[in-house]
Amino acid sequence: MEYHSHVENLDEDGYTQLDFSTRDIYKWPVRSEKGNQAPSSPWRPIAVALGILCLVAVVVAAVLGALGVFSGPCLPNWILHGKSCYLFSFSENSWYGSKRYCSQLGAHLLKIDNSKEFEFIERQTSSHRVNSFWIGLSRNQSEGPWFWEDGSAFTPNSFQVRNTAPQGSLLHNCVWIHGSEVYNQICNISTFSICEKEL
Ligand code: MG
C-alpha cells in the first residue's frame, strides 16, 4: 500500500501546498435562481406560441384591412348603416354635379327615409361642422314642394327644411345638411355631398 506523507505537500517554506487536481472533490450541481421556475413551467411555450399567433393575426388583419378586404358589403370609404352604404364625398361640387357623381358610382344623392337614418347622418355631419353636404332633395320652383330623387314627395317627419333664401329669391331650390340642420340653398354653390347606395 502506497503511503503519501503530508510532508510531501510542504513547500520550501514549510507551508502546505494545496492540490487542486484531486478527482474526488464532490461537484455540487449548480442551480440557477431563475431556472428553478421557468423551464419547469409547461405554460411558457404555450404562452409564447399564443403570443406569436396573436402577432401574426394582427399583421394579417392590418394588411387585409388596408386592402379593403374587410370593408363588409360596402366599398372601401363607404359606411354601412342599416341596409345602405353611404359615401361622404369631400370633393366640392354643385348639387347637379354631386347628383351626377353619385350616379356614376351606381348610387344616388342621400334620401333620408326615417328618423334613425337622419340621426345616423346627423352624427356624421356634426363631426364636420364647418362643412355642408348636398342631399337628394330639390324642387323645380321656389315655394314648390320638395321631392327626393326617386320622385317621392318630402314629408317633414324627421327634419324640417330651413329657409335661407332672402325674400324674393327664386334660386334656393336644393337642400344641404350642415351639422344637424337642413337648409335650402342655391343649387350652383359647390360643396360636399352624401351618396347612398342600397344593398
Ligand atoms: Mg335612405
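We count ligands from 1, going down the list as the structure has it; atoms in each ligand are counted the same way. No hydrogens, no waters, no symmetry mates; every other heavy atom, side chains included, goes into these values.
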Can you list everything that forms a salt bridge (charged side-chain N to carboxylate O under 4.0 Å, His left out) with Glu92? Sequence neighbours excluded, please.
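Checked Glu92 against salt bridge (charged side-chain N to carboxylate O under 4.0 Å, His left out); zero matches.
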
Taking both backbone and side-chain atoms into account, decide whether Lys111 has an N/O/S atom under 2.8 Å from the Mg ion (ligand 1).
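For Lys111, the answer is yes, given that an N, O or S atom comes within less than 2.8 Å of the Mg ion (ligand 1).
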
For the Mg ion (ligand 1), decide whether Glu117 has an N, O or S atom at a distance under 2.8 Å.
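Coordinating: yes.
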
Identify, by name, the N, O or S atom of Glu196 lying closest to the Mg ion (ligand 1).
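Restricting Glu196 to its N, O and S atoms, the minimum distance to the Mg ion (ligand 1) goes to OE2.
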
Atom name, Asp113 (N, O or S, nearest to the Mg ion (ligand 1))
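Relative to the Mg ion (ligand 1), the closest nitrogen, oxygen or sulfur of Asp113 carries the name OD2.
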
Judged by modelled atom types alone, do Ser152 and Lys111 share a side-chain donor-acceptor pair under 3.5 Å?
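Result is yes, a qualifying pair exists.
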
With no hydrogens and no angle check, just 3.5 Å: does a side-chain donor-acceptor pair link His81 and Gln124?
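No donor-acceptor contact under 3.5 Å links the two side chains.
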
ILVMFWY cluster membership beyond Leu170 - transitive side-chain contacts under 4.5 angstrom:
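Once heavy-atom contacts under 4.5 Å are chained together, Leu170 still belongs with nothing else.
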
